[in-house]
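First up is the structure itself, then whatever we jot down about it.
Heavy atoms only: backbone and side chains are in, while hydrogens, waters and symmetry mates are out. Numbering of ligands and ligand atoms starts at 1, following listing order.
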Amino acid sequence: MKIAIGADHAGVRLKDELIGFIESLGHQVSDLGCNCTDSVDYPDYAIAVCDQVVAGSADKGILVCGTGIGMTIAANKVPGIRCALVHDLFSAKATREHNDTNVLAMGERVVGPGVAQEIVKIWLETEFSNGERHRNRIGKVQALEHKYAIHP
Ligand code: RB5
């Protein structure tokens, strides 16, 4: 798969550690920054990754900031993105099976690199269950994107 990855200054170290790991799983990684520890704004990197996922130039996206929370909030503003904040292995599997998430967010200040690698592996390797009830619920979420769409 093609994986777009992005981080702010508080997530750049974990982002950089994950890139080689994701490549070792056989995926192609597009690193959209940041690439420094100077203070930057997480929405800029969330949107860079989500734009690639929505456009189809990446199959999935991974975002890292200090907590993962800001990245998750920003990512879920993008129509077509279903981003989950995950810090445990159970949720990594469940959010693929139930929510068909296309973006994963984590917090470098919350989770260590070993657990983060396991989360990424499970999340990338778990398929959507495609159960009718889950499709129906995702459809209701997608309907919200239309109901509350803002047309500037
Ligand atoms: C940066 O200090 C921090 O606020 C950011 O990385 C993230 O945790 C925001 O949700």
- Query: Can a protein heavy atom be found under 4.0 Å away from atom 10 (O) of ligand 1?
  - Reply: yes

- Message: If we set the cut-off at 4.0 Å for heavy atoms, which region of A10 has an atom near ligand 1: side chain, backbone, both, or neither?
- Response: side chain

- Message: Rounded to the nearest 0.5 Å, what separates atom CD in Q28 from atom CD in E23?
- Response: 9.0 Å

- Message: Is there a side chain to side chain contact (heavy atoms under 4.5 Å, CB included) between L18 and M106? Walk through the geometry before answering.
- Response: CA-CA 11 Å; L18 287 172; M106 293 180 291; 3.6 Å; yes

- Task: Under the salt bridge (charged side-chain N to carboxylate O under 4.0 Å, His left out) rule, collect the residues that match up with E145, sequence neighbours excluded.
- Result: none

- Query: atom 1 (C) of ligand 1: which protein heavy atom is closest, and how many Å away?
  - Reply: H9 NE2, 3.7 Å

- Message: I'd like to check which ligand 1 atoms, numbered from 1 as shown, lie under 4.0 Å from a non-hydrogen atom of G66.
- Response: 5 (C), 6 (O), 7 (C), 8 (O)

- Distance filter under 4.0 Å to G70 heavy atoms, resulting ligand 1 atoms: 9 (C), 10 (O)

- Message: Which residue and atom name correspond to the protein heavy atom nearest atom 7 (C) of ligand 1, and how close is it?
- Response: C65 SG, 3.4 Å

- May I ask you to say whether D100 pairs ionically with R135, meaning some side-chain N is under 4.0 Å from a carboxylate O? no

Atom pairs and distances, side-chain donor-acceptor, residues 107-118, under 3.5 Å, sequence neighbours left out:
{"residue": "E108", "atom": "OE1", "partner": "R13", "partner atom": "N", "Å": "3.1"}
{"residue": "E108", "atom": "OE1", "partner": "L14", "partner atom": "N", "Å": "2.9"}

- State if E108 counts as touching ligand 1 under the rule of any non-hydrogen atom under 4.0 Å. no

- Query: Considering only the protein, which heavy-atom contact is closest to atom 3 (C) of ligand 1, and what is its distance?
  - Reply: R109 NH1, 3.9 Å

- Message: Heavy atoms only, cut-off 4.0 Å: how does D8 contact ligand 1, side chain, backbone, both, or neither?
- Response: side chain

- Note on the structure: When D16, L63, L32, I22 are each screened for side-chain contact (heavy atoms from CB on, under 4.5 Å) with I5, the one that passes is I22

- Task: Taking all non-hydrogen atoms of both residues into account, name the closest pair between V86 and A92 and its distance.
- Result: CG1-N, 3.6 Å

